[in-house]
A.B. asks: 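Quick one: the structure is below, and I'll ask about it shortly.
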Amino acid sequence: MSNTLNIHSKAITNNSESPNVKLKSINFGDCKWTSGFWAEKTKTATDVMVPYMGQVLCGDVGHALNNFKIAAGEKEGEHQGMYWHDGDFYKFMEAKTYVYGLNKNKKLLEELDEYIRIIGKAQEDDGYLQTQIQLSDEADRYENRKYHEMYNTGHLLISACVHYRITGQRNFLDIAIKHAELLYTMFMPENKHYGRFGFNQTQIMGLVELYRTVKESKYLVLAEKFINNRGKYDVVHDSTTEGYPIGDMVQERTPFRISNEAVGHAVLALYYYAGAADVYAETGETALIDALDRLWDNVTTKKMYVTGAVGQAHYGASASRDMIEEGFIDAYMMPNMTAYNETCANLCNAMFSQRMLGIHGDAKYADIIELVLYNSGLSGISVEGKDYFYANPLRMVNNTRNYDAHKDVTETPNREPYLDCFCCPPNIVRTIAKVSGWAYSLSKNGVSVNLYGSNDLNTTLLDGSNIKLSQDSDYPWKGLVKLTVEECKNEAFEIALRIPGWAKKNVQLSVNGEPTGINLKPASFAKISRNWKAGDVITLDMPIETTFIEGHPRIEEVRNQLAIKRGPIVYCVETPDLPANTSILDVYFPHKSELKANYNPDFLGGVTTITTELKIRQDKDDALYHEITKPSFEKVDVQLVPYFAWSNRGQAEMTVWLPVLWE
């Protein structure tokens, strides 16, 4: 069986031989978008996002490649950028590798080879590689975890593995192996100094991917050791922790296997969970998956925004009274204007669910992936592909945030062409570039359709037989999907189509015009097993209606408010669509207002907007509290836009949630 599984060893997350995964990843490049939403986004990534990011990071503004050149002795100067800037460059390289995997442009490969040459020359003889430490007397290697060496390591290993799988070249992989060998030498022995050093735990994912790539078991053992170290040591400041919060903030207070609440920095937490899911996929340890199930449930049912965003607060405290930044706070505590919702955290939410989808084969995980991709992930980049958000609030009111308070430039009133803290931009760009690799998975004897949109799939089933599918859909603006079998084996196999959680009414599924009779349950896979033949057409019709969403009654900030959603897309009201000088805080939704959807191919890159009647409150009082009589309102016709597309028409106020007038 392993020989046939090796056919699928070129996936983004290579779980082809992972024994505890139900849905295996397809090779990257086996699915290609042909038209529509993701085809257009991928084209923008190819033509604009990746080239622009290269100009920034390889030039003097981003200075990331310069750091490697200086460390390599090919340039004079000093390190510039955050402690984690090397990792940001590795993510950019990963994005560029995906683009190469789709279009096979040799120029991209040559540019990647030049980056790798410089990085290899910058690497120390023993494998150490972090330019910030190498170019500064501020600290020695692995002296203090605040320098994010583990984060940079993780993205180095991941990017190098992806590069090897897509290009077949070992030049980047060999650098990663050399570095991983040093990591094993330093961190595998029991050592109090290094015991708490597994901070910003991207290295767990990276080590598992390296294990999957080169079949060296000690990398998996080291990955598991970083999980085992959690909760083992006293949570007190020592020489390795000074200068950064401790405890729940960095996932070190509670042993992972007994954890039941998402705490601390949201990116650190979710990268950790994704890494633990990777380890479980290889080991099958029950305690690991039990903890992962509890944590996924805690995140998605108690601490996630309607957009799929996570990480409610810039600053706060955990239940253990540990200081946290950019992370999770109490369940149901979901502020809108001060919501942090870092783009990286939102994307990590999708990454965690993508791994859980593989492990369990349950469509609810793909629902979260889709929710993030179309909303809180995509909101991190502008329509044209050159400007970025770090934080993604659900309500923006001018003059409500002190934008100078955080020197890392993470909370800005507009998307910015460069952020000093540059972790989010390459994260969203690499995600857009690779999303075709998430569209399908391979089951024991078949294929699952996870994401919809026009594409061609040319892959092999797990038994080695060829399968070609062609998908035709205007998703997410329309819910009609046609899937044509172009080539397949003669024996029976299964095609499973995801019925999204939002598709609750009048969903129909047919094969060659004949209803399947399958119970079409939202948030589940509809599985069709039969002897397929070339020319068979599966039609999935999911009527998309505009719906009202309300929050749990314990989410105090949205009591008696609603959000508007159409299919997977969450909508918002933005001041460019309101009368001049109208504050977003004066906008109310009369519950009887009709909602009309209109697709406009020339607006905001091509989106479906919703027109409706809102009411603007006329009487105003700026007092903290004041007496009230019946308010007065003015009716206005307003256009709602997808949340991901806001802030593309100049600085604006915006809100997802609207107070309701129940008439």
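None of these values were measured; they are calculated from a predicted model.
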A.B. asks: For atom CD of Glu594, is the number of surrounding heavy atoms from other residues, nucleotides or ligands below 6.0 Å larger than 12?
C.D. replies: no
A.B. asks: Taking the basic N atoms (NZ, or NE/NH1/NH2) and the acidic carboxylate oxygens, is any pair closer than 4.0 Å for Asp367 and Arg498?
C.D. replies: yes
A.B. asks: Examine Lys635 relative to Phe633 and say whether NZ or CZ is less than 6.0 Å from the centre of the six-membered ring and inside a 45° cone about the ring axis.
C.D. replies: no
A.B. asks: Quick one, Tyr315 and Tyr340 - any side-chain contact, counting heavy atoms below 4.5 Å?
C.D. replies: no
A.B. asks: Using 4.0 Å as the upper bound for N to carboxylate O, is an ion pair formed by Arg617 and Asp619?
C.D. replies: yes
A.B. asks: When rounded to the nearest 0.5 angstrom, what distance separates OG1 in Thr307 from CG in Asn346?
C.D. replies: 6.5 Å
A.B. asks: Kindly indicate, with the supporting measurements, whether the criterion side-chain contact (heavy atoms from CB on, under 4.5 Å) is fulfilled by Ile432 and Ile381.
C.D. replies: CA-CA 10 Å; Ile432 293 170; Ile381 194 165; 4.2 Å; yes
A.B. asks: Look only at the side chain of Thr575 and the backbone of Glu653, and say whether a donor-acceptor pair between them is shorter than 3.5 Å.
C.D. replies: yes
A.B. asks: Is the backbone N or O of Ser376 less than 3.5 Å from a side-chain atom of Ser379, with the two atoms forming a donor-acceptor pair by type?
C.D. replies: yes
A.B. asks: Before giving the answer on side-chain contact (heavy atoms from CB on, under 4.5 Å), spell out for Lys302 and Val299 the whole-Å C-alpha distance, their side-chain angles and the decisive distance to 0.1 Å.
C.D. replies: CA-CA 6 Å; Lys302 293 181 174 63; Val299 170; over 6 Å; no
A.B. asks: Distance check, rounded to the nearest 0.5 Å: Ser454 atom OG versus Glu40 atom CD?
C.D. replies: 10.0 Å
A.B. asks: Go through it in stages, so that I can follow the logic: the residues are His265 and Tyr272, the test is side-chain contact (heavy atoms from CB on, under 4.5 Å), and I'd like the CA-CA distance, side-chain angles, deciding distance and then a yes or no.
C.D. replies: CA-CA 11 Å; His265 193 288; Tyr272 191 13; over 6 Å; no
A.B. asks: Counting the benzene-type ring for Trp, do Tyr374 and Trp38 have ring centres under 6.0 Å apart?
C.D. replies: yes
A.B. asks: Can you tell me if Thr608 uses its side chain to pair, donor with acceptor, with the backbone of Trp477 under 3.5 Å?
C.D. replies: no
A.B. asks: Run the side-chain contact (heavy atoms from CB on, under 4.5 Å) test on Val267 and Glu326 for me, step by step, so that the C-alpha distance in whole Å, both residues' side-chain angles and the decisive distance to 0.1 Å come before the verdict.
C.D. replies: CA-CA 8 Å; Val267 175; Glu326 306 182 358; 6.0 Å; no
A.B. asks: If you define the side chain from C-beta out and look only at heavy atoms, does anything of Glu634 sit under 4.5 Å from Thr582?
C.D. replies: no
A.B. asks: Which heavy atom of Val263 sits nearest a heavy atom of Ala269, and at what distance?
C.D. replies: O-CB, 3.8 Å
A.B. asks: Give, for atom CD of Glu574 and atom CG of Leu640, the distance between the pair rounded to the nearest 0.5 Å.
C.D. replies: 10.5 Å
A.B. asks: Could you check whether Asp474 and Tyr599, counting side-chain N and O atoms only, form a donor-acceptor pair closer than 3.5 Å?
C.D. replies: no
A.B. asks: Main chain of Tyr98, side chain of Arg430: is a donor-acceptor contact present, judged purely on distance under 3.5 Å?
C.D. replies: no
A.B. asks: Can you find a pair of side-chain heavy atoms, one from Leu394 and one from Val306, that are under 4.5 Å apart?
C.D. replies: yes
A.B. asks: Any salt bridge linking Arg294 with Asp297? Criterion: basic side-chain nitrogen under 4.0 Å from a carboxylate oxygen.
C.D. replies: no
A.B. asks: Is the backbone N or O of Leu23 less than 3.5 Å from a side-chain atom of Ser443, with the two atoms forming a donor-acceptor pair by type?
C.D. replies: no
A.B. asks: Regarding Trp296 and Ser353, is there a side-chain donor-to-acceptor distance under 3.5 Å anywhere?
C.D. replies: yes
A.B. asks: For the atom pair CG (Leu295) and CG (Asn260), what is the distance rounded to the nearest 0.5 Å?
C.D. replies: 7.5 Å
A.B. asks: Are more than 12 heavy atoms from other residues, nucleotides or ligands located less than 6.0 Å from atom NZ of Lys478?
C.D. replies: no
A.B. asks: Verify whether one side chain among Thr611 and Asp637 offers a donor that lies under 3.5 Å from an acceptor in the other.
C.D. replies: no
A.B. asks: If we count only N and O atoms by modelled type, under 3.5 Å, do the side chains of Glu384 and Ser382 hold a donor and an acceptor together?
C.D. replies: yes
A.B. asks: Are any side-chain N or O atoms of Ser320 and backbone N or O atoms of Asp322, one a donor and one an acceptor, separated by less than 3.5 Å?
C.D. replies: no
A.B. asks: Between Trp502 and Met542, is there a side-chain heavy-atom distance shorter than 4.5 Å?
C.D. replies: yes
A.B. asks: List the atom of Val250, the atom of Gln201, and the distance in Å for their closest heavy-atom pair.
C.D. replies: O-NE2, 3.3 Å
A.B. asks: Identify the heavy atoms of Gln251 and Gly264 that sit nearest to each other, and give their distance.
C.D. replies: NE2-CA, 3.9 Å
A.B. asks: Would you say the side-chain atoms of Asn375 pair up with the backbone N or O of Val570, donor to acceptor, closer than 3.5 Å?
C.D. replies: yes
A.B. asks: Side-chain atoms of residues 549-563: list all donor-acceptor pairs with protein atoms under 3.5 Å, sequence neighbours left out, distances to 0.1 Å.
C.D. replies:
from, atom 1, to, atom 2, distance (Å)
His552, ND1, Arg554, N, 2.9
Glu557, OE1, Asn336, N, 3.2
Arg559, NH1, Pro553, O, 3.3
Asn560, OD1, Trp662, NE1, 2.7
Gln561, OE1, Arg395, NH2, 2.8
Gln561, NE2, Glu557, O, 2.6

A.B. asks: Once the angle between the rings of Tyr365 and His360 is folded into 0 to 90°, is it parallel (under 30°), tilted (30 to 60°) or perpendicular (over 60°)?
C.D. replies: parallel
A.B. asks: Please report the closest heavy-atom contact between Tyr390 and Cys423, naming both atoms and the distance.
C.D. replies: CE1-SG, 3.6 Å
A.B. asks: I'd like to know if the side chain of Gln508 pairs up with that of Asp541 as donor and acceptor (distance under 3.5 Å, no hydrogens or angles considered).
C.D. replies: no
A.B. asks: Examine Tyr571 together with Phe589 and report whether their ring centres are nearer than 6.0 Å.
C.D. replies: no
A.B. asks: Taking C-beta and beyond as the side chain, do Ile368 and Met356 meet within less than 4.5 Å on heavy atoms?
C.D. replies: no
A.B. asks: Do Leu371 and Lys565 have side chains that get closer than 4.5 Å, going by heavy atoms?
C.D. replies: yes
A.B. asks: Do you know the tightest heavy-atom contact between Leu520 and Ala526?
C.D. replies: CD2-CB, 3.8 Å
A.B. asks: Side-chain contact test, heavy atoms from C-beta onward, threshold under 4.5 Å: evaluate it for Thr254 versus Phe256 and give yes or no.
C.D. replies: no
A.B. asks: Can you tell me how far the CD atom of Gln471 sits from the OG atom of Ser35, to the nearest 0.5 Å?
C.D. replies: 10.0 Å
A.B. asks: So do the side chains of Val511 and Ile528 get within less than 4.5 Å of each other, counting heavy atoms only?
C.D. replies: yes
A.B. asks: Is it true that Lys303 and Glu261 make a salt bridge, defined as a side-chain N closer than 4.0 Å to a carboxylate O?
C.D. replies: yes
A.B. asks: Between Gln312 (side chain) and Tyr332 (backbone), is there a donor-acceptor pair under 3.5 Å?
C.D. replies: no
A.B. asks: Would you compute the distance between atom CG of Asn392 and atom SG of Cys424 and round it to the nearest 0.5 angstrom?
C.D. replies: 8.0 Å
A.B. asks: Name the one of Val638, Val656, Ile610, Thr612 that satisfies side chain to side chain contact (heavy atoms under 4.5 Å, CB included) with Val573?
C.D. replies: Val638
A.B. asks: Where is the tightest heavy-atom contact between Gly308 and Val372, given as atom of each residue plus distance?
C.D. replies: O-CG2, 3.5 Å
A.B. asks: Checking Ser441 against Asn450: is there a side-chain donor and acceptor pair closer than 3.5 Å?
C.D. replies: yes
A.B. asks: Decide if atom NZ of Lys41 counts as having more than 12 heavy atoms of other residues, nucleotides or ligands within a radius under 6.0 Å.
C.D. replies: yes
A.B. asks: With a 6.0 Å cut-off on ring centres, are Trp657 and Tyr305 close enough?
C.D. replies: no
